[in-house]
Amino acid sequence: MFYNLKQATAKLLHPLLKYLINFNPNTLTMSSLIFSLCAGLCLFLSKIPVYLILATPFILLRMAMNVLDGLLARQKGISSPKGEAFSEMTDRFSDLALLLGITFSGYTDKILCLSATISVLIVSYIGILGKAVGANRQFGGFLGKVDRMVYISLAAIIQFILIRLKIILPIFNLLMAFFIFGSIITFIQRASSINKEL
């Protein structure tokens, strides 16, 4: 749903490449994972409300590094299957860091969160599966990676505001339920797309 945001971000960040040209793209990929771990830790500690706000810039930095590593690899002409595999692997660990941070934040039902985590990982798998069987890598659908990052950021900000207003509302539980629902739709969309290509 927000995938076009990634394209707009790529244009916005493109001028930064001249400052990163001496870096290895894998360094940016690893930075993305580190920022995700920081965001996950903030979410885990978010019973102290300020950490809800601190999680958001780390999530945004993860998204930025996700865009820049690919741009840099193409700029330097060193895109490779090995780099793509490394990016996919760190993305899965990044997703886990954020979702497990929410799971153990104290705001949520753990079974619901773990179900959402499994759903998200299955959607990511079906995206990779497309390329493995001869179709394109599937990025689209109702609930892609960019969508999840936007929704987690918004949920953290809303939860912070509600705490300040002393309003009790299970924002993260609602988000996890939405992730399960959105993952089912996205799975169907991506599976259908792969089927049409094959």
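Position 1 is the first residue of the sequence, and the numbers go up from there.
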query: Under the side chain to side chain donor-acceptor pair (under 3.5 Å) test, which residues partner Arg148, sequence neighbours left out?
result: Asp95
- prompt: Which residue pairs pass the side chain to side chain donor-acceptor pair (under 3.5 Å) test with at least one member in residues 188-198, sequence neighbours excluded?
  reply: Asn136-Glu197, Gln138-Ser193, Gln138-Glu197
- prompt: Once you round to the nearest 0.5 Å, how far does OG of Ser124 lie from CZ of Phe139?
  reply: 10.5 Å
query: Which heavy atom of Gly134 sits nearest a heavy atom of Leu198, and at what distance?
result: C-CD2, 4.2 Å
- request: I would like to know whether Arg92 and Ile128 meet side chain to side chain contact (heavy atoms under 4.5 Å, CB included); could you show each step before the answer?
  value: CA-CA 11 Å; Arg92 301 297 74 77; Ile128 300 166; 3.8 Å; yes
task: Compare every heavy atom of Pro15 with every heavy atom of Leu12, then report the nearest pair and how far apart it is.
output: O-CD, 3.3 Å
Distance-only check: which donor-acceptor pairs under 3.5 Å involve side-chain atoms of residues 113-123, not counting sequence neighbours?
| from | atom 1 | to | atom 2 | distance (Å) |
| --- | --- | --- | --- | --- |
| Ser115 | OG | Ile111 | O | 2.8 |
| Thr117 | OG1 | Cys113 | O | 2.9 |
| Ser119 | OG | Ser115 | O | 2.9 |

- prompt: Do Leu37 and Leu28 share a hydrophobic cluster (ILVMFWY, side-chain heavy atoms under 4.5 Å, transitive)?
  reply: no
task: Answer yes if Leu99 and Phe178 sit in the same cluster of Ile, Leu, Val, Met, Phe, Trp and Tyr residues linked by side chain heavy atoms under 4.5 Å apart, and no otherwise.
output: yes
message: Within this structure, what is the CG-CG distance for the pair Leu41 and Leu100, rounded to the nearest 0.5 Å?
response: 12.5 Å
Those residues that, when tested against Ser46, pass side chain to side chain donor-acceptor pair (under 3.5 Å) (two or more places apart): none
query: If you look at every heavy atom in Thr186 and Gly182, which pair is closest and at what distance?
result: OG1-O, 2.7 Å
Could you give the side-chain donor-acceptor pairs of residues 154-171 under 3.5 Å, partners two or more places apart or in another chain?
none

statement: Hits for side chain to side chain donor-acceptor pair (under 3.5 Å) against Asp91, two or more places apart or cross-chain, chain-then-number order -> Arg62, Asn66, Lys145
- prompt: Nearest heavy-atom pair of Ala39 and Ile59: which atoms, and what distance?
  reply: CB-CG1, 3.8 Å
- request: Starting from the C-alpha separation in whole Å, work towards a yes-or-no answer on side chain to side chain contact (heavy atoms under 4.5 Å, CB included) for Leu43 and Ile152.
  value: CA-CA 10 Å; Leu43 291 167; Ile152 291 173; 4.2 Å; yes
task: State yes or no: are the ring centers of Phe172 and Phe179 separated by less than 6.0 Å?
output: no
message: Per the salt bridge (Lys or Arg N to Asp or Glu O under 4.0 Å) rule, what does the pair list look like for residues 119-136, sequence neighbours excluded?
response: Glu84-Lys131
- line: The complete set of salt bridge (Lys or Arg N to Asp or Glu O under 4.0 Å) pairs with one or both residues in residues 134-144, sequence neighbours excluded, reads Glu88-Arg137
- request: Please assess Leu143 against Ile185 for the test side chain to side chain contact (heavy atoms under 4.5 Å, CB included), listing each intermediate value before the final yes or no.
  value: CA-CA 8 Å; Leu143 191 70; Ile185 294 174; over 6 Å; no
field: For Ser94, side chain to side chain donor-acceptor pair (under 3.5 Å) partners two or more places apart
entry: Ser36
message: Rounded to the nearest 0.5 Å, what separates atom CZ in Phe44 from atom CG in Leu98?
response: 14.5 Å
- prompt: With side chains defined as the heavy atoms from C-beta onward, is the minimum distance between Leu17 and Leu68 less than 4.5 Å?
  reply: yes
field: Same apolar cluster: Val146 and Leu175, side chain cutoff 4.5 Å
entry: yes
message: With heavy-atom distances below 4.5 Å as the criterion, would you say the side chains of Leu33 and Met30 are in contact?
response: yes
Hphob cluster co-occupancy, Phe86 + Ile34, side-chain heavy atoms under 4.5 angstrom: yes
For residues 72-82, dump all side-chain donor-acceptor pairs below 3.5 Å to protein atoms at least two apart in sequence or in another chain.
| from | atom 1 | to | atom 2 | distance (Å) |
| --- | --- | --- | --- | --- |
| Lys76 | NZ | Ile21 | O | 3.0 |
| Lys76 | NZ | Phe23 | O | 2.9 |
| Ser80 | OG | Gly83 | N | 3.1 |

message: Using the rule that Ile, Leu, Val, Met, Phe, Trp and Tyr join whenever any side-chain heavy atoms are under 4.5 Å apart, tell me whether Leu174 and Phe181 fall into a single cluster.
response: no
field: Nearest non-hydrogen partners of His14 and Leu71, listed with the distance
entry: CD2-CD2, 4.3 Å
task: Quick one: which residue pairs count as a side chain to side chain donor-acceptor pair (under 3.5 Å) with a foot in residues 99-112, not counting sequence neighbours?
output: none
query: For the atom pair CG (Asn173) and CG (Leu112), what is the distance rounded to the nearest 0.5 Å?
result: 5.5 Å
query: If you draw a 6.0 Å radius around OH in Tyr51, do more than 12 non-hydrogen atoms from other residues or ligands fall strictly inside?
result: no
query: Side chains of Asp69 and Met65: closer than 4.5 Å at any heavy-atom pair?
result: no
